[in-house]
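The structure appears below as structure tokens.
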Amino acid sequence: MNVIEAQNVSKIYGSTRALSSLSLSVNSASVYALLGPNGSGKTTFVKTVLGLVRPNSGKILINGIDSNDPKCREGVSYLPEKFNFFPYYTIDGVVKFYGSMKGLTGSELDDRCHEALKTLGIDDLVGKKVKECSKGQLQRTGIASMLMGNNNLLILDEPFSGLDPIAIKELKDLLRSLKDQGKTLFINSHILSEMEKLCDHAAILNKGECLAQGSLPEMLNGKSLEDFFYERVKQ
Amino acid sequence: MMGLSSCFKNIYLNTIQKEIRNKSIWSLLIMTSIVIIVLNALLNFLLQMAGEFQMAGAGMELGSLPLNVFYTLIDFFSTVIAIIIGVNSLKSDEENGVNIQMLSFPVKRWEYLVARVLGSWTIVVSYYLYSIVLAAVLFSISSREFMMGFQIFFGLINTSLIILPTIVIAIFFSFFLPKLFAFFFSLFFMAFVSYSNMTFSQMTYDKFVENISVMKIIALPIHVLLPRTGILSSATNGVLYNPEESIPSAYWFNLAHYVVAIGVLFFIVSWFLKRKDV
């Protein structure tokens, strides 16, 4: 079953065409990477999927529900490109807020929060305020928040941004374990080396146009992702 | 399965947590308290000096003057706070990149708007309640008269109603203008709403046509389409100044108009929010 189904999605900002008739399908329990240079339209596409941006034309379905219907976002978690929250919130406060937005309460909320903070290795930062956090700590908080609630589709926009090599390795392991649990991961990234090891499907986007898409081994046909990407984008 | 109500409740509570940290509101609250205490002492001193006497021409007792002064002051500050919070309400979400996260939850945009508006409204009504109770208690002590009567309750209801469209209008302007501009524009606009209401509340069609002007042409749709906050405010003043007088029948018509107009206002602002890319 397709978790995300986008059909001919176009978005124009003024005179800039951010997305040009983009169509793609994301299978359940897969890791799908949307790759592209900066400004290629990756974030616009994610925002369109989440109903944050209205496409000029085309249609997006999440689990068969139109993306304009907020119900489609039940069971969806989103990590924005630059995770941030109100500066006076504590790290655990942010994670708990996400949990409560997902309907968790009481001891279940506390336990899940503790578990998520521990998974991300930030349980020692409980009580630390958002305004006092480094970029990497904030990013980990965002990922911990994303783990709250039982979500089957995780959408991550540049998840490795701001993370040190240790955190990148830990995040990759975490994403793999989430995939093993049957979750669907949709990841926007321009860090090809990390994505090559992680994803099983990919699409390459440049200037809003989809240059290639499909199963990664079939698409690459023996080439490295970096070479394939460079070849397509520079064409 | 998570319910939409959990999102609504959390956004509502988050609004209160967010706005309670607003330094401008605390400054205004402290300022209001100081002004009320100082004014009460000053007016008490003047009352003792002058004694109770009828103010010629004004048609009211000097004894009721402090409460009216306090009411006007608190009413004005409530409007200012409502605009500050209204402008900040969605704009600060945008500034902190929180709007993207909030709207990625299964919450409808109108629910997000209503939760933010109600959270803001709760803060402003709390400010109003605190100020009016402080003023009434101080005045009751100094005048040895119990001032927590019907007029205070009537004022609370009306001010609560006035605050709601003020917040929604401030939010609307914050969609298009930077914070400071949105604040002053909202303040000016609410003053113009009052002017429109005062102009047309007593005016017949013949009088309108007779003395037609550009200002009146602009003011008419505002009077017809928006909640008549100016009339609600003037009804409160009427009851405060003359507690013996009954509520005018036109008040009930304007209250019914308010219900429809606030619905339309929410619908329009929500429509704009729905079409906004975040």
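Because only heavy atoms are used, hydrogens play no part in the values below, and waters and symmetry mates are left out as well, while side chains stay in. A note on names: the letters A, B, ... follow the listed sequences, proteins ahead of strands, and every chain is numbered from 1.
Centroid-to-centroid, the aromatic rings of B:F105 and A:Y78 stay 6.0 Å apart or farther.
Rounding to the nearest 0.5 Å places CG of B:N96 at 9.0 Å from CZ of A:F85. With rounding to the nearest 0.5 Å, the separation of OG in A:S145 from CD in B:Q101 is 8.0 Å. Taking CE of A:M101 as the start and OG of B:S104 as the end, the distance is 8.0 Å to the nearest 0.5 Å. Put simply, NZ on B:K9 and OG1 on A:T105 are 8.0 Å apart, with the number rounded to the nearest 0.5 Å. The CG atom of B:L103 lies 11.0 Å from the NZ atom of A:K47; values are rounded to the nearest 0.5 Å.
Proximity to chain B (any heavy atom under 4.5 Å) is shown, for A:Y98, by both the backbone and the side chain. There is no contact between A:K82 and chain B, counting heavy-atom distances below 4.5 Å.
Counting non-hydrogen atoms of other residues, nucleotides and ligands closer than 6.0 Å to CZ of B:F175 gives a total above 12. More than 12 heavy atoms of other residues, nucleotides or ligands shown are found within 6.0 angstrom of NZ on A:K128.
The contact list for residues 263-278 of chain B toward chain A, using heavy atoms and a distance under 4.5 Å, reads B:K274, B:R275, B:K276, B:D277, B:V278 by residue number.
Under the 4.5 Å side-chain criterion, counting only non-hydrogen atoms from C-beta, B:N10 is in contact with A:S100.
Residues passing the ring-ring contact (aromatic ring centres under 6.0 Å, His included) test with B:F181, sequence neighbours excluded: none. Every residue was checked against the side chain to side chain contact (heavy atoms under 4.5 Å, CB included) condition with B:K23, not counting sequence neighbours, and none meets it.
For the ring pair (Phe, Tyr, Trp, His ring centres under 6.0 Å) condition, the pairs that include at least one residue of residues 15-38 of chain A, sequence neighbours left out, are A:Y32-A:F186.
A side-chain donor-acceptor contact under 3.5 Å links B:Q17 and A:Y89.
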Practice prompt. Could you walk me through whether A:F86 and B:V98 pass the side chain to side chain contact (heavy atoms under 4.5 Å, CB included) test, one step at a time?
Written response: CA-CA 7 Å; A:F86 296 114; B:V98 176; 3.8 Å; yes
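A:P70 and B:P106 get closest at one heavy-atom pair: O-CB, 3.2 Å.
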